[in-house]
Amino acid sequence: MEKTYQPSEIEQNWYNTWEQAGYFKPSGEGDSYSIMIPPPNVTGSLHMGHGFNNTVMDTLIRYHRMKGHNTLWQPGTDHAGIATQMVVERQLAAEGVTRHDLGREKFLDKVWEWKEQSGGTITRQIRRLGSSVDWSRERFTMDPGLSNAVQEVFVQLYDEGLIYRGKRLVNWDPKLHTAISDLEVLSEEESGSMWHFRYPLEDGSGHLVVATTRPETMLGDTAVAVHPDDERYAALVGKNIRLPITNRLIPIIADDYVDKEFGTGCVKITPAHDFNDYEVGKRHNLSLINVLDRDAQILPEFTVLTFEGYETQHGEKAPEAYAGLERFEARKKIVNALDELGLLDKIEPHSLKVPRGDRSGVVIEPWLTDQWYVKTAPLAKEAIRAVEDGDIQFVPKQYENMYFSWMRDIQDWCISRQLWWGHRIPAWYDQNGNVYVGRTEDEVRSKYNLDADADIRQDDDVLDTWFSSALWTFSTLGWPEQTNELKTFHSTDVLVTGFDIIFFWVARMIMMTMHFIKDENGKPQVPFKTVYVHGLVRDAQGQKMSKSKGNVLDPLDIIDGIDLDTLLEKRTTGMMQPQMAKKIGKQTKDEFPEGIAAYGTDALRFTFCSLASTGRDIKFDMGRVEGYRNFCNKIWNAARYVLMNTENQDCGQQGGDYQLSLADRWIVSRLQQTELQVAKAIDTFRLDLAAQALYDFVKNEYCDWYLELSKPVLWDDNASAETLRGTRRTLVRVLETILRLAHPMMPYITEEIWQRVAPLAGKSGETIMTQAYPIADENKIDHAADGDIEWLKGVIVGVRNIRGEMNISPAKPIPLMLKDGSAEDQRRLGQNETFLKSLAKLESITWLGSDEAPMAATQLVGDMEVLVPMAGLIDKDAEIARLSKEVEKVSKECHRLQGKLSNEKFVSKAPADVVEKEKAKLAEVQASFDKLNEQLEKIKAI
RNA sequence: AGGACUAUAGCUCAGUUGGUUAGAGCGCUACCUUGACAUGGUAGAGGUCGGCAGUUCGAAUCUGCCUAGUCCUACCA
């Protein structure tokens, strides 16, 4: 074996070996356990969130696979409608072509081409993380099977009246030319202005002042509203306003939507361009005047509609000066025009939430269009119940509140998108605009008895990407066919995801799944029993990682390493805002002056695990990766030591009597306790605690103590064959168990070492992946051995402390005396003399009983004094200083306990066992104090 | 505006139903090339657990208020 751990060498081949051998596939035996991967964007690439998310899932999957479950981890990718279409359109734009130049079919060919070309990137990257997904079942949301499921769901929901088409105000993205759902709109506080305009009364008797943040929409005003109780305007309600510029007459209405206190208490109402105004308009049966086109430019001719059936009543010519103007251009002109008319009252600075499209970044326009909707309220009912009843549990639990509050106030879901890349809506229209929904054109014709030559056309729009991902848990298993997989692996066990997509995805999956998938009793099936919500991976400063901030880390760069120049280039090419490049360059140089070292997959995975505590965000700390890389090295070298001492030697594989030393019994005992801790932690999704328990055991017990304790046995020329066999056996078996225990978190290093260690531990098998996960044998927990080793450690640490503080070379053997020990201490000494001498580097050990001792540096182990004679070794003043420090510490503790125990209330009210414990502690501390103090006085007196 | 979460060592984080001398890693200090490991070892320094009040014999832990930060939801034209 190499002297140091070299991840790149050992991670090369294992993944292919595992995949080709079919170890990632369900075994077909045992209880099922399944997880569906949250499908990443097919043309995307890996980021830290994926790394984290995959590590958590793979750890759970490997754990359950080793526990003997019939384990499926279902992989796949998402077509990501808007994102993917945008990328391809951008590519075309570089050639000066638009999708409309190509036409729908040719454009889709291009997208498929791009998907084929870049589609493998992220799945290759997922492999590098060691994710043991069943690639033979890989799915894509636009596969024929999944598209079929989408169609089936759409048609059924439509037939049940749960999908409808209607003209509504939608969030319109004027850049992408599509409607988007509420969730895809991000509102940020921005500073803008509030314009106050004077709207003259029709009768010329004065004016009302309205305040607005959107002057350009005044062209579509159809009323001015005041509060019904507002005495200032009560007399005006029912009168008309002569709307400036268009000179249209509009009524003054009363509606309690208006806040009397805000602004002037008068609100202009534009039902076709504002969600609130739309509601007001509906209540008062105002007409809707649409003044914008799909680019959010002023229409040359406005469309005027009414709420009844939204039939277009007539057109209205736009004032010539504004026709065709972009909305913000129009805003300026209108403000100017009103100013010139003397109708601009004032302009105030005003901060407001500006809605922007999450993809395009442009301001979203409420716009009146025909769209398809899912009626969500009936679906939400069952979805809420499932969580209320605990059929689905959120971890951590507080996310249930977030889920409930959204679900109980859920709005209908706009599912149509004016894109080409996606599932085309299975609806057809005839010449008269009648709608026919069916799986195919043929089905539609027969279902609705249409003439064979009737001219019908399929809807041009596609479905929201989340519509197909909402079906993910069952569409990937073959639904609507009643497949075996569906029966075996649905409901899935756990969904591992970030909180950011609880509404986008989790909630919708629950609604859709429970509506379509029923168990044999007809009861709705949940898509997953547990939702494990983890935090976001942020950079070292706690900032969200984003391309535009230039602080993105690629998990593969931590695995493989990257030099500074390449990292800089990666962070600064293809930027939306090239002017940021300089700043990002400096940031990057400051943070990674040497680039990033290659830490390997296992170290990265272990870091993710150790940071995966209760749903809080992760500030990614490279120092921890380095620490855990070193931990890998520790395991590696421990294995080297074990192999050096066991390979080609008798470890008891062939039988033969063996004798376990105290250290052997102790490490086996501690191993069982660790196994209990790790299993409990994984079962409760506390991978951080699992990682910590493992780390503590391997480093602080197995390596720091047990390996050292094995040396005196293995190097003892007089040791019996049984004793040697016992220690070799324990060395190798504990190591082998550690490897299995750690494998779900660190698959590569454990497999690599296991291959060599397993035969020595009497294990056989092709791979560690399918070995049984360690289960604690509580009979092997040996508290007597635990106590004995604690004593031994106490003595050794005591001596080391004296050495360290007194500057005695660790190479120098020193004499040791033990004084005032009990019979128990004497027994322990008798059994551990060899261990003691070796680990504390002692020249001799003298048992003094209560005899007079020479002047010495003192440590206490219980009541027993551990003495290192001062003669020739120790400076008097140094020992006085050391002891004084110790005495002060003990004295403080003594006072604390005395105070507590002299408190009458504590003694009478606290539980008896707590009081007893404190009393015992005091006695012990008191004795320590006396002894140390006495010793201190003695030395001072010299 | 409503709600959630977070605040513990210089940094990143643990701390289970209230009872420990409040822990780990990194960093820091001193010593050490000892036959697994310098991607190392040994010893050590470092914390009034955000603040104030309360409940309790006892609070990092429970309650209230305050401060700072993060996020979600709904928003006033």
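So that the names make sense, note that chain A is the first sequence line, chain B the second, and so on, each numbered from 1.
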Query raised in the report: Under 4.0 angstrom, heavy atoms only, what part of the nucleic acid is A:E924 near: base, sugar-phosphate, or nothing?
Result: nothing
Query raised in the report: Base, sugar-phosphate, or nothing: which does A:K353 touch, judged by heavy atoms less than 4.0 Å apart?
Result: base
Report summary line: For A:S351, the side chain to side chain contact (heavy atoms under 4.5 Å, CB included) test, sequence neighbours excluded, returns A:E189
Report task. Could you tell me whether A:Q6 contacts a base, only the sugar-phosphate backbone, or nothing, with contacts defined as non-hydrogen atoms closer than 4.0 Å? Result -> base
Look for any protein N or O under 3.5 Å of an N or O in nucleotides 42-44 of chain B and output each such pair with its distance, or none.
from	atom 1	to	atom 2	distance (Å)
B:A43	O3'	A:N801	ND2	3.1
B:G44	OP1	A:N801	ND2	2.5

For nucleotides 24-27 of chain B, list the nitrogen or oxygen atoms of the protein found under 3.5 Å from its nitrogen or oxygen atoms, one pair per line.
none

Query raised in the report: Under 4.0 angstrom, heavy atoms only, what part of the nucleic acid is A:R686 near: base, sugar-phosphate, or nothing?
Result: sugar-phosphate
Report summary line: Paired with A:R356, the salt bridge (Lys or Arg N to Asp or Glu O under 4.0 Å) test is passed by just one of A:E188, A:E190, A:E184, namely A:E190
Query raised in the report: NA contact type, A:N401, heavy-atom cut-off 4.0 Å: base, sugar-phosphate, or nothing?
Result: nothing
Query raised in the report: Taking atom C1' in both B:U55 and B:U12, what distance in whole Å separates the two?
Result: 34 Å
Below 3.5 Å between N/O atoms, which protein atoms pair up with nucleotides 59-62 of chain B? Just atom names and distances, please.
none

**Report entry** side chain to side chain contact (heavy atoms under 4.5 Å, CB included) partners for A:Q926, two or more places apart
**Finding:** A:C894, A:Q898, A:L922, A:F929, A:D930
Query raised in the report: Which is true for A:R803 with a 4.0 Å heavy-atom rule: it touches a base, it touches only sugar-phosphate, or it touches nothing?
Result: nothing
Requested in this report: Pick base, sugar-phosphate or nothing for A:T213, based on heavy-atom distances below 4.0 Å to the nucleic acid.
Outcome: sugar-phosphate
Requested in this report: Determine the interatomic distance between C1' on B:G50 and the same-named atom on B:U70; round to the nearest Å.
Outcome: 15 Å
Query raised in the report: Taking NZ, NE, NH1 and NH2 as the nitrogens, is one of them in A:E708 or A:K711 under 4.0 Å from a carboxylate oxygen of the other?
Result: yes
Query raised in the report: Contact class for A:K619 vs. all strands (heavy atom < 4.0 Å): base, sugar-phosphate, or nothing?
Result: sugar-phosphate
Report task. Looking only at side-chain atoms of A:M644, point me to the closest of B:A77, B:A36, B:C57. Result -> B:A36
Report task. Looking at every strand, decide which applies to A:V258 at a 4.0 Å heavy-atom threshold: base, sugar-phosphate, or nothing. Result -> base
Query raised in the report: Do we see A:Y641 stacking on the base of B:G35, given a limit of 5.5 Å between centres and 30° between planes?
Result: no
Query raised in the report: OP1, OP2 of B:C37 versus side-chain N and O of A:K3: anything below 4.0 Å?
Result: yes
Query raised in the report: How is A:W636 classified with respect to the nucleic acid when contacts are heavy atoms under 4.0 Å: base, sugar-phosphate, or nothing?
Result: nothing
Query raised in the report: Does a salt bridge link A:K921 with A:E924, judged by any charged N lying under 4.0 Å from a carboxylate O?
Result: no
Report summary line: Checking B:A36, B:A77, B:A14 against the side chain of A:F262 (C-beta onward), the nearest is B:A77
Query raised in the report: Which part of the nucleic acid, if any, lies within reach of A:H350 when heavy atoms closer than 4.0 Å are counted: base, sugar-phosphate only, or nothing?
Result: sugar-phosphate
**Report entry** Matching residue for A:F394 among A:Y403, A:F685, A:F499 - test: ring pair (Phe, Tyr, Trp, His ring centres under 6.0 Å)
**Finding:** A:Y403
Requested in this report: Could you name each residue pair satisfying salt bridge (charged side-chain N to carboxylate O under 4.0 Å, His left out) that touches residues 687-696 of chain A, not counting sequence neighbours?
Outcome: A:R686-A:D688
